[in-house]
Undergrad: 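Below is one structure. I have some questions about it.
Along the sequence shown, residues carry numbers from 1.
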Amino acid sequence: MKKINSLFKTIMVVIMIMTPMIFHAKNHDVKSMAKHIDKVYISASPEILENKGNVVTVTISTEFPPKYFNKKTVMNITPILVYEEGETILPSMNFIGEKVDGDGIVVSKRDGGTFSYTVSIPYNDEMYNSLLIVEPIVYKFKEEVHHHQQAIKDKEAFALCDAFLIAEGVVNTAQHIDKSALKTAYATPDIEQKTMTDNGDIFFMVNSDAINWAVPLNKNMQNKNAVHDLTSHIMKGWNIDNIEIIGWASPEGPLSYNKNLSNKRAKMTEEFLKKRLETLSAQKNSHVSYKNVNDVKFITQGKGADWDGLMKAIESSNIKDKQIILNTLKKQSPEERVAQLNKYIKQYPEFEKNILPSLRRTIVKVNTIEPAMTDEQITKACTSNPKSLSCDQMMYAASLVKELKNKEMIYITAIETYPNCPEPYCNAGAVAIEKGNHKHAKQLLNQAIEIDDLLSEAYNNLGIIAIIENDYETASAMFKQAKDLGLNTSYNEGVVQINKGNYDKAIRLMTKDNPNCDYNVALAQTLDKRYTIAEETVKCLDENGKTLYLQAIIAARTKDVEKSLKHLAKAIKKDNKIKNIAKYDMEFASMQDTPEFVALVE
């Protein structure tokens with residue numbers, strides 16, 4: 001009989017031994033089979049059960065000797081996993097004699113035979129300290145073969161045989177995952193220098209290059225504000241990349257005249273902007289980045305008549321014959337088009353009223369670059385005037401800080417300053433995970449996704465929380481979402497595969513983009529029975545209770561009792577709570593009777 005490793009198991013075995021066979025059957029053949037049940041060999045493989053993928057799988061084998069099984073009897077075998085808080089009944093198997101008409105495996109009276117079947121049940125933590133027992137029931141077949149023992153007891157005259165202890169305990173090493181090693185993800189701030197283009201148009205009177213603010217289109221509020229804002233980023237101290245000015249003329253005049261006029265308009269606009277830049281630099285407390293206006297790069301050119309602009313304006317106009325006009329102008333040479341256009345101008349007042357004035361203009365583009373701040377400046381501003389920083393700059397400031405408490409303070413300030421910026425919520429959630437405040441982390445991460453449902457880092461971190469809550473199904477879905485959005489989640493997905501019992505896949509995922517020197521990698525290698533490489537992996541880790549305990553398991557699995565006891569002693573010294581864990585761990589079943597082991601765990 002196997003070694004029993006708890007008071008509960010001892011009591012159970014004593015009950016099994018002392019409970020006599022129960023006969024509710026008068027049939028001699030039934031009584032005889034029950035009395036000689038010791039001639040039947042019932043076994044389980046493995047003898048020590050294992051949780052793999054949250055499922056316990058066992059193969060039950062039964063060997064009947066020749067001349068044992070009566071032709072008109074039925075034997076029901078129902079394995080029961082018994083533990084301190086209850087029991088789990090496994091699927092049963094019926095063996096039937098050669099003259100029984102019903103469902104079951106037929107056993108030859110003359111030859112006997114060996115039969116097996118495999119069953120799986122969901123694992124729960126109560127099964128850790130358990131016994132797998134089989135208590136056969138024999139009865140004479142009358143009308144029906146029953147599939148449940150209770151039905152047999154209710155309807156048949158039966159004999160209850162001696163019980164068999166066929167397996168003991170459940171190895172649960174797969175649940176030793178180090179959840180603190182999961183890879184949290186921080187949203188990366190965009191601290192690249194930003195470029196900005198401010199656009200505005202200045203309009204001119206016909207045949208004039210003088211800037212006249214009384215021109216109706218210049219008085220239009222939208223156009224007026226656009227010209228005013230051309231220097232808005234320059235005033236904030238942004239660096240000027242260049243200023244582009246393109247001059248245009250309406251197409252009704254001669255080609256050479258329009259070319260010259262567009263050049264003059266462009267030059268006049270450049271002079272206007274230079275005077276404005278000089279005024280800005282002379283202002284008190286000016287923040288402009290240039291010292292001399294002549295240092296500013298202008299790209300100034302006149303492009304002559306704006307035929308493309310004309311065609312677009314005609315297309316969007318209310319002129320009833322606009323399609324005929326467009327088709328006619330498209331077919332003509334440049335000289336012919338000018339003459340034809342002047343005819344249309346006289347024929348259709350819409351040209352001079354709305355179309356041509358919008359073409360007499362300069363287009364201005366002021367291209368600026370946000371000035372870069374040094375790490376020191378960002379850090380200082382984050383303390384003294386955090387609201388002067390952008391959301392990305394505050395995020396970057398947090399990345400320069402090592403202390404979690406200080407990181408968290410910066411992220412909270414960023415959330416308060418920029419409540420619609422999702423990244424601070426995500427990163428504050430990551431900090432909360434590392435600090436062990438999982439409920440708060442979950443709230444922050446869900447807020448991040450409410451703002452931006454494409455934030456991959458938030459989904460990854462929600463997956464980590466799901467693992468902490470032992471919700472591996474949700475974790476898998478979260479990591480998939482993060483991966484689909486472009487984030488590398490290989491390591492975290494590998495941890496999920498450990499829980500699913502896919503150890504080879506777990507190893508491949510966790511080592512894909514990460515160093516092999518990792519506890520969870522060593523755990524997966526151990527579970528996959530790669531003991532040599534697992535031992536090498538765990539050796540490179542810092543010695544603590546967890547790593548030493550895993551080394552003790554590897555040694556026990558490879559039958560090195562001395563080494564296992566040595567590692568176990570060191571593990572207990574590092575963490576005394578391991579003593580009680582090891583006491584009932586079936587990984588050490590082969591040595592639980594030894595004085596050395598008992599001395600360690602008592």
Side-chain angles (χ1 to χ4, degrees), residues 183-198 229-243 277-293 295-297 366-437 440-441 443-445 447-448 450-452 455-458 460-461 487:
K183 310 295 183 184
T184 51
Y186 284 80
T188 306
D190 180 10
I191 57 168
E192 295 294 324
Q193 285 184 295
K194 295 180 180 178
T195 60
M196 181 63 68
T197 298
D198 293 301
D229 292 340
L230 282 171
T231 53
S232 60
H233 285 88
I234 294 174
M235 293 170 65
K236 293 178 181 178
W238 285 44
N239 299 317
I240 303 172
D241 185 20
N242 58 60
I243 298 176
L277 294 179
E278 285 176 349
T279 302
L280 291 177
S281 66
Q283 287 178 350
K284 188 178 181 179
N285 298 323
S286 173
H287 297 292
V288 298
S289 62
Y290 55 90
K291 293 182 179 179
N292 191 309
V293 172
D295 295 333
V296 177
K297 181 181 179 181
V366 178
N367 301 308
T368 53
I369 303 171
E370 184 181 25
M373 293 178 69
T374 64
D375 290 357
E376 185 179 354
Q377 288 172 325
I378 291 176
T379 304
K380 186 176 179 181
C382 196
T383 304
S384 61
N385 187 18
K387 294 184 179 180
S388 67
L389 299 175
S390 69
C391 183
D392 281 324
Q393 286 173 326
M394 293 179 89
M395 296 277 288
Y396 180 68
S399 73
L400 300 174
V401 175
K402 292 182 179 179
E403 292 291 331
L404 287 179
K405 181 180 178 181
N406 294 334
K407 277 184 184 290
E408 188 175 41
M409 288 176 62
I410 295 172
Y411 290 135
I412 290 171
T413 303
I415 289 169
E416 293 171 349
T417 310
Y418 299 100
N420 294 320
C421 186
E423 288 82 3
Y425 293 93
C426 175
N427 290 8
V431 170
I433 290 173
E434 294 187 40
K435 292 179 68 176
N437 192 347
H440 184 50
Q443 292 173 342
L444 288 165
L445 294 166
Q447 284 178 283
E450 283 179 16
I451 300 169
D452 181 3
L455 193 59
S456 60
E457 294 85 357
N460 175 83
N461 296 340
L487 191 70

Undergrad: Between CG of L444 and CD1 of I415, what distance do you get to the nearest 0.5 Å?
TA: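 Atom-to-atom, L444:CG and I415:CD1 are 5.5 Å apart.
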Undergrad: Counting only heavy atoms not in M409, do more than 12 sit closer than 6.0 Å to its CE atom?
TA: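 Atom CE in M409 is not packed in, count stays at 12 or less.
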Undergrad: Only counting residues at least two apart or in another chain, list the ones meeting side-chain contact (heavy atoms from CB on, under 4.5 Å) with N242.
TA: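 Testing N242 for side-chain contact (heavy atoms from CB on, under 4.5 Å), a comparison that skips the adjacent residues, returns E244, K297, I299, N367.
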Undergrad: For E450, check side-chain contact (heavy atoms from CB on, under 4.5 Å) against everything at least two apart and list the hits.
TA: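 E450: no side-chain contact (heavy atoms from CB on, under 4.5 Å) contacts found.
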Undergrad: Kindly write out the residues that satisfy side-chain contact (heavy atoms from CB on, under 4.5 Å) with K407, not counting sequence neighbours, or none if the list is empty.
TA: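 Result, side-chain contact (heavy atoms from CB on, under 4.5 Å) vs K407: V401, L404, Y411, V431.
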Undergrad: Could you check whether any side-chain heavy atom of I369 comes within less than 4.5 Å of a side-chain heavy atom of K194, counting everything from C-beta outward?
TA: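 When only atoms from C-beta onward are counted, K194 and I369 do not touch, as no gap falls below 4.5 Å.
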Undergrad: Can you tell me which residue pairs pass the salt bridge (charged side-chain N to carboxylate O under 4.0 Å, His left out) test with a partner in residues 369-388, sequence neighbours excluded?
TA: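 Sorted result for residues 369-388: empty, none.
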Undergrad: How many angstroms lie between atom CG of L445 and atom NE2 of H440, to the nearest 0.5 angstrom?
TA: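 Going from the CG atom of L445 to the NE2 atom of H440 covers 9.5 Å.
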Undergrad: Please evaluate residues L277 and V296 with respect to the criterion side-chain contact (heavy atoms from CB on, under 4.5 Å), reporting the C-alpha separation (whole Å), side-chain torsions for both, the decisive distance (0.1 Å), and the verdict.
TA: CA-CA 9 Å; L277 294 179; V296 177; 4.2 Å; yes
Undergrad: Tell me every residue that passes salt bridge (charged side-chain N to carboxylate O under 4.0 Å, His left out) with K435, counting only those two or more places apart in sequence or in another chain.
TA: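 Testing K435 for salt bridge (charged side-chain N to carboxylate O under 4.0 Å, His left out), a comparison that skips the adjacent residues, returns E408.
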Undergrad: So, using side-chain contact (heavy atoms from CB on, under 4.5 Å) as the criterion, who are the partners of A448 when residues are at least two apart?
TA: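 Y425, C426, L455, A458.
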Undergrad: Search all heavy atoms of P419 against all heavy atoms of I451 and return the closest pair with its distance.
TA: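 In terms of heavy atoms, the two residues are closest at O-CD1, 3.5 Å.
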Undergrad: If you count every heavy atom of other residues, nucleotides or ligands that lies below 6.0 Å from Q283 atom CD, does the total exceed 12?
TA: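 Yes, CD of Q283 has more than 12 neighbouring heavy atoms, counting only those of other groups under 6.0 Å.
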Undergrad: Can you see which heavy atom on P189 is nearest to which on M395, and at what distance?
TA: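 Shortest heavy-atom contact: CB-CB, 3.6 Å.
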Undergrad: Which residues pass the side-chain hydrogen bond (donor to acceptor under 3.5 Å, both in side chains) test with S384, not counting sequence neighbours?
TA: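 Testing S384 for side-chain hydrogen bond (donor to acceptor under 3.5 Å, both in side chains), a comparison that skips the adjacent residues, returns none.
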Undergrad: Once side-chain hydrogen bond (donor to acceptor under 3.5 Å, both in side chains) is applied, do any residues pair with D198, and if so which ones, sequence neighbours excluded?
TA: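 By the side-chain hydrogen bond (donor to acceptor under 3.5 Å, both in side chains) rule, D198 matches H233.
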Undergrad: Look at the side chain of S289 and the backbone N and O of W238, then say whether any donor-acceptor pair between them is shorter than 3.5 Å.
TA: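 Checked: pair present.
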Undergrad: With rounding to the nearest 0.5 Å, note down the distance linking CG in N461 to CG in N427.
TA: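 Answer for the CG-CG pair, N461 versus N427, is 8.0 Å.
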Undergrad: Would you say the side chain of T368 lies within less than 4.5 Å of the side chain of I234, judging by non-hydrogen atoms?
TA: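 Answer yes - side chains close enough.
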Undergrad: Which residue pairs pass the side-chain hydrogen bond (donor to acceptor under 3.5 Å, both in side chains) test when at least one of the two sits in residues 412-422, sequence neighbours left out?
TA: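 Qualifying pairs: none.
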Undergrad: Quick one: side-chain hydrogen bond (donor to acceptor under 3.5 Å, both in side chains) partners of T379, sequence neighbours excluded?
TA: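 Here no residue qualifies.
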Undergrad: Which distance, rounded to the nearest 0.5 Å, do you find between the SG of C382 and the CE of M373?
TA: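 Rounded to the nearest 0.5 Å, the SG-CE separation comes out at 9.5 Å.
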Undergrad: State which residues pass side-chain hydrogen bond (donor to acceptor under 3.5 Å, both in side chains) with Y186; sequence neighbours excluded, sorted by chain then number.
TA: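 E434.
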Undergrad: Can you tell me how far the OG1 atom of T184 sits from the CD atom of E457, to the nearest 0.5 Å?
TA: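 Rounded to the nearest 0.5 Å, the OG1-CD separation comes out at 11.0 Å.
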Undergrad: So which atom in S281 and which in E278 form the shortest heavy-atom distance, rounded to 0.1 Å?
TA: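 Looking at all heavy atoms of both residues, the shortest contact is OG-O, 2.9 Å.
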Undergrad: What distance separates D190 CG from C391 SG, expressed to the nearest 0.5 Å?
TA: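 Here the rounded value is 11.0 Å.
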Undergrad: For the residue pair S286 and L280, what are the closest heavy atoms and their distance?
TA: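 So the two residues come closest at OG-O, 3.0 Å.
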